[in-house]
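Chain A is the first sequence line, chain B the second, and so forth, proteins listed ahead of strands; every chain is numbered from 1.
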Amino acid sequence: MAKKYEPSKIEAKWQKFWEKNKTFAASDKQRKPKFYCLIEFPYPSGEGLHVGHPRPYTALDILARKRRMQGYNVLYPIGFDAFGLPSENYAIKTGIHPSVITKKNIATFTKQLKSLGFSFDWDRVITTTDPAYYKWTQWIFLQMFKNGLAYKAKMTINWCPSCKIGLANEEVIDGKCERCGTSVEKKEKEQWMLKITKYADRLINDLADVDYSEKIKIQQINWIGRSEGINFKEKVKDLDLEFEVYDSIPQTFLAQTFTVIAPEHPLVQKLIAGTKYETPVKEFVARIKSRKAANRFVIEKELEGIFTGRYVANPFGTGDLPIWVASYVLADYGTGIVNCSAHDERDFAFAKKYDLPLKIALLPTDKDHAEKVKSLAEFYRAPDGVIQEPLEFKGLRWDEAREPIIKYIESKGYGRRAVNYKIRDWVFSRQRYWGEPIPMVYCENCKATGASATGWIPVPENDLPVQLPNVEKYEPSDSGESPLAAISAWVNIKCPVCNAKARRETDTMPNWAGSNWYFLRYIDPKNRKHLADPKKLGYWLTVDWYNGGMEHTTLHLLYSRFVYKFLYDIKAVPKAKGPEPYAKRTSHGLILGAGGEKMSKSRGNVVNPDEVVKAQGADTLRLYEMFMGPFEQAIPWDAQGVMGVRRFIEKVWNIYQGQVKIEKKCSEALITLTHQTIKKVTDDIESQDYNTAVSALMILTNKISDEKIMNKFVAVALVKLLAVFAPHVGEELWQMLGNKKSILAAAWPEYDEAKLLNKNTNLVIQVNGKVRDMILVRADLTEQEAEKLAKQSEKVLKFIENKKIVNTIFVPGKLINLVI
RNA sequence: GCCCAGGUGGUGGAAUGGUAUACACGAAGGACUUAAAAUCCUUUGGCAGUAAUGCCUUGCGGGUUCGAGUCCCGCCCUGGGCACCA
């Protein structure tokens, strides 16, 4: 009897079934091959799930379900990255403890995620704010400290005056706070730092061994910014001072005519001490610093400098170089001091502005152009320019001259090879309440006795976790101290080493801390002795497929690779698994509002997934999000498009309600199309072409519907293929076909290579590459037969009459082209 | 400025160098209905033509090829990332 398609009924039914039967539980003891697929766990915000969330979750859910049907033991876990500012800000407003809010939000998220039928293993849920979890986040920090990778340093940080929080470089977008959009200021603060720079080379080199999309690799490589060059040794004339200057393009070194130093550089004071330059230079430095602090500094417009009165003593036998303080020099890249030449655009402009000497060591081949460059009328640097000096290398191209000149510089003793990186050590302190406490204690006595050089003592591992105490007020202070600093009973403790009075670190960790390693905890979420059991790690690692947002490429993804490499080095994860956590990384595109703009509350264009589920069902939402467009691309939401997908599901549903008969025999064309569809869907899921996979299912469905008769093979194949995209309706139809177990226990459909081709095909007849006719022929037609048929076509005849055929191109089963 | 994607109907988009516009949305017409919704059928890149049919069409300009949305060269535009890194 024909039943109506009622998504709310069947979806509730199957969600209950899966929960009761633990259909998605991953087993740690299995002979099956394992497959670990991972999505970025959500931050449980008060707004609840957004339609953007299900896009990647559905994509990997499809993969997870397919792998189960292919016989894998699949781990597809979910958790919550629950530390973070929104909960804390809400607490400030309402006085409700962040843990209370977090609990409530997680309940909402859980309900919503379950309503979408994702095949997550709900027995392995983790939450980063759980002390049993952050115990291990703190443990990792302690290991970093013990291995010299965590250190406290006073440094200029990016300070958001609104959030009252220090930000990592990665969290500053266009000089503004990533979260609230307030202009970021510079502030001097003592901060815990992690030495990610020590891993810079490995983070680049090991990319060769992982399957990440090229754009992710390139973005990480550019972010790390490895640069090779020369450190030149320099002496200051008339002063007992030496320093080095870094140059990544040393082949024009003989064009260097002056030296610039960053205003913040400590050496500046020594250069000017006691000279008539002291006062004006100090004033200059103060001015530039204050403008930089306010973040009102536009480099192109403000090339400013002042002479220090000092010179570099004749570095290359061609004379002394005046030393200037210049606004455009970075203090924290290279050595903070740079030799300048006419072949750097900024140096050129700076020299013009202050009338400094310039010299040419590279010329273009074009004569007129060369004259222009010689006369210093124009800046010049190009790989095909010709070296003029040193004379030994005159005539070499600029790019070819690099290595020989570097060797020359080394042999002369002017300098030595050096490497620099754009990436900086990672600022790991936040002056906030709702984060993992940094498990460190400061002890004056230990510093005085020399028991600790810095006075910083790690909390003993047995005392972990250092739990967040309850607070009355969550507001951070303007002084930049965390709200924790106000709780003296928590702050003031006895030193774990000497028992003297000591105080706890009151900074907390950034919200990246908990997400660095969460994928390890899923493997063994309740372990109390280790961050995860080594045997289980050995079974489940490496993560086979990790999908996430492009916006995390230089944040979470890079951080977690770094942390994993560290854990690998200290043998906290199995050596046999290698130094990379994720074998494959892909990324999804954003879902935009209907107009193509970002979805946001203020624009009022946010689509609530609950409403879509209520009106059309979870299967429709899932299928629509896969069908809407290429997975990696940002796509606007289209409510009409959702309806189209719903119509498709109903069409399939009706087919199985007796609208199409299942008989022993059906048309050969339908069998062929079914094989083609199995192949297409099988392949497209692997290449993440979900939109074309869905369209292939629609084509097959349309065909079945037209034919009115299908056989068991076709009926089973369509349900199985559909079931990974739309699991509820998939299970329901599977049951209607007489099956008792979940469709995930059934095998993924196989196609027969021999049955992919149609017996008959449309042969395209071209004349000079233009389509003139099309005839239905046997697919195995020979060239001779095809040519004969082509020449008989009336439509073709018109074009070849009285012409000589000089060539024939034949593509079997597809096309014949007559060239006249 | 540098690096990475991309530019195809009214819209989202599809196309191993081989029928451009699959699939879906929207629109128009029709059937059913007292009516509407839902559903079903037909049409739907442009121009000319009653039609058969012909010509044109994948941002622009060249090139390679029997044949180019696809490959090469030079531009233009859009999106994303980086940006005082010497």
> Using a cut-off of less than 4.0 Å, is there contact between a side-chain N or O of A/Ser227 and OP1 or OP2 of B/A86?
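Checking B/A86 against A/Ser227, a side-chain N or O does come within under 4.0 Å of OP1 or OP2.
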> Taking atom C1' in both B/U78 and B/G30, what distance in whole Å separates the two?
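42 Å, rounded to whole Å.
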> Relative to the ring of A/Tyr414, is the ring of A/Phe253 parallel (under 30°), tilted (30 to 60°) or perpendicular (over 60°)?
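Rings of A/Phe253 and A/Tyr414: tilted, 30 to 60°.
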> Could you list the donor-acceptor pairs under 3.5 angstrom formed by side chains in residues 698-708 of chain A, with sequence neighbours left out?
{"from": "A/Thr701", "atom 1": "OG1", "to": "A/Leu697", "atom 2": "O", "distance (Å)": "2.7"}
{"from": "A/Asn702", "atom 1": "OD1", "to": "A/Lys651", "atom 2": "NZ", "distance (Å)": "2.9"}
{"from": "A/Asn702", "atom 1": "ND2", "to": "A/Met698", "atom 2": "O", "distance (Å)": "3.4"}
{"from": "A/Lys703", "atom 1": "NZ", "to": "A/Glu707", "atom 2": "OE2", "distance (Å)": "3.3"}
{"from": "A/Glu707", "atom 1": "OE1", "to": "A/Ser667", "atom 2": "OG", "distance (Å)": "2.7"}
{"from": "A/Glu707", "atom 1": "OE2", "to": "A/Ser667", "atom 2": "OG", "distance (Å)": "3.4"}
{"from": "A/Lys708", "atom 1": "NZ", "to": "A/Ser705", "atom 2": "O", "distance (Å)": "3.1"}

> Under 6.0 Å from the ring centre and within 45 degrees of the ring axis: does the NZ or CZ of A/Arg772 meet both conditions for the six-membered ring of A/Phe799?
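Yes - A/Arg772 lies over the ring of A/Phe799, closer than 6.0 Å to its centre and within 45° of its axis.
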> For A/Ile249, which contact category applies under a 4.0 Å heavy-atom criterion: base, sugar-phosphate, or nothing?
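Since only primed, P, OP1 and OP2 atoms lie under 4.0 Å of A/Ile249, the category is sugar-phosphate.
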> What is the separation between atom CE on A/Met628 and atom P on B/U11, rounded to the nearest whole Å?
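The answer, rounded to whole Å, is 17 Å.
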> According to the Watson-Crick and G-U wobble definition with distances under 3.5 Å, which dot-bracket string, read 5' to 3', encodes RNA chain B, using [ ] for crossing pairs and | for pairs with another strand?
(((((((..(((.....[....)))((((((.......))))))((((....))))..(((((..]....))))))))))))....
> With the criterion being N/O to N/O and under 3.5 Å, what pairs connect the protein with nucleotides 43-52 of chain B, and how long is each?
none

> Take atom CD of A/Glu214 and atom P of B/A5, then tell me their distance rounded to the nearest Å.
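Computing the A/Glu214:CD to B/A5:P distance gives 8 Å.
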> Once the angle between the rings of A/Phe725 and A/Tyr690 is folded into 0 to 90°, is it parallel (under 30°), tilted (30 to 60°) or perpendicular (over 60°)?
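If you compare the ring of A/Phe725 with that of A/Tyr690, the planes turn out perpendicular.
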> Please classify the glycosidic conformation of B/G9 as syn (within 90° of 0) or anti (everything else).
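Base orientation relative to the sugar is syn.
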> Determine the interatomic distance between C1' on B/U21 and the same-named atom on B/G46; round to the nearest Å.
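Each nucleotide's C1' atom is 13 Å from the other's.
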> How far does the P atom of B/G13 sit from the matching atom of B/G6, given to the nearest Å?
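The same atom, P, in both gives a distance of 13 Å.
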> Look up atom OH in A/Tyr559 and atom OG1 in A/Thr554, then write down how far apart they are to the nearest 0.5 Å.
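Reported value, rounded in 0.5 Å steps: 7.5 Å.
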> Whole angstrom is fine here: how far is it from CD1 in A/Ile224 over to P in B/G81?
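The answer, rounded to whole Å, is 18 Å.
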> Which letter, B, S or -, goes with each nucleotide of nucleotides 14-29 of chain B from 5' to 3', with contact meaning a protein heavy atom under 4.0 Å?
S-B-BBS-BBSSS---
> Nearest heavy-atom pair of A/Leu621 and A/Pro54: which atoms, and what distance?
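So the minimum-distance heavy-atom pair works out to CD2-CG, 4.4 Å.
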> Output, in order, the C-alpha distance, side-chain angles, deciding distance and verdict of ring pair (Phe, Tyr, Trp, His ring centres under 6.0 Å) for A/Phe232 and A/Phe316.
CA-CA 10 Å; A/Phe232 287 107; A/Phe316 314 118; 5.4 Å; yes
> Determine, for A/Glu389 against A/Lys359, whether the closest basic-nitrogen to carboxylate-oxygen distance falls under 4.0 angstrom.
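Yes, A/Glu389 and A/Lys359 are salt-bridged.
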> List in chain and number order the residues that pass ring pair (Phe, Tyr, Trp, His ring centres under 6.0 Å) with A/Phe627, two or more places apart in sequence or in another chain; answer none if no residue qualifies.
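With sequence neighbours excluded, A/Phe627 shows a ring pair (Phe, Tyr, Trp, His ring centres under 6.0 Å) to no residue whatsoever.
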> With rounding to whole Å, what would you report as the distance between B/C23 and B/A15 at their P atoms?
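Rounded to whole Å, the distance is 13 Å.
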> Is the phosphate of B/A86, meaning OP1 or OP2, less than 4.0 Å from a side-chain N or O of A/Tyr328?
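No, no such contact exists.
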> Given atom CG of A/Asn222 and atom P of B/C3, what is their separation to the nearest angstrom?
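Checked: the CG to P distance equals 10 Å.
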> Report yes if a side-chain nitrogen or oxygen of A/Arg772 is closer than 4.0 Å to either non-bridging phosphate oxygen (OP1 or OP2) of B/C55; otherwise report no.
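For A/Arg772, the contact criterion (side-chain N or O under 4.0 Å from OP1 or OP2 of B/C55) is met.
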> Which heavy atom of A/Ala342 sits nearest to which heavy atom of A/Phe379, and what is that distance?
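For A/Ala342 versus A/Phe379, the nearest heavy atoms are O-CD1, 3.4 Å.
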> How long is the line joining NZ of A/Lys217 and P of B/C4, in whole Å?
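Rounded to whole Å, this separation is 15 Å.
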> Using the side-chain contact (heavy atoms from CB on, under 4.5 Å) criterion, which residues pair with A/Asp689? Sequence neighbours excluded.
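In terms of side-chain contact (heavy atoms from CB on, under 4.5 Å), with neighbours along the sequence ignored, A/Asp689 is linked to A/Asp684, A/Ser687, A/Asn691, A/Thr692.
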> Students often get this wrong, so: under 4.0 angstrom with heavy atoms, is A/Arg226 touching a base, only sugar-phosphate, or nothing?
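Since no nucleic acid heavy atom lies under 4.0 Å of A/Arg226, the category is nothing.
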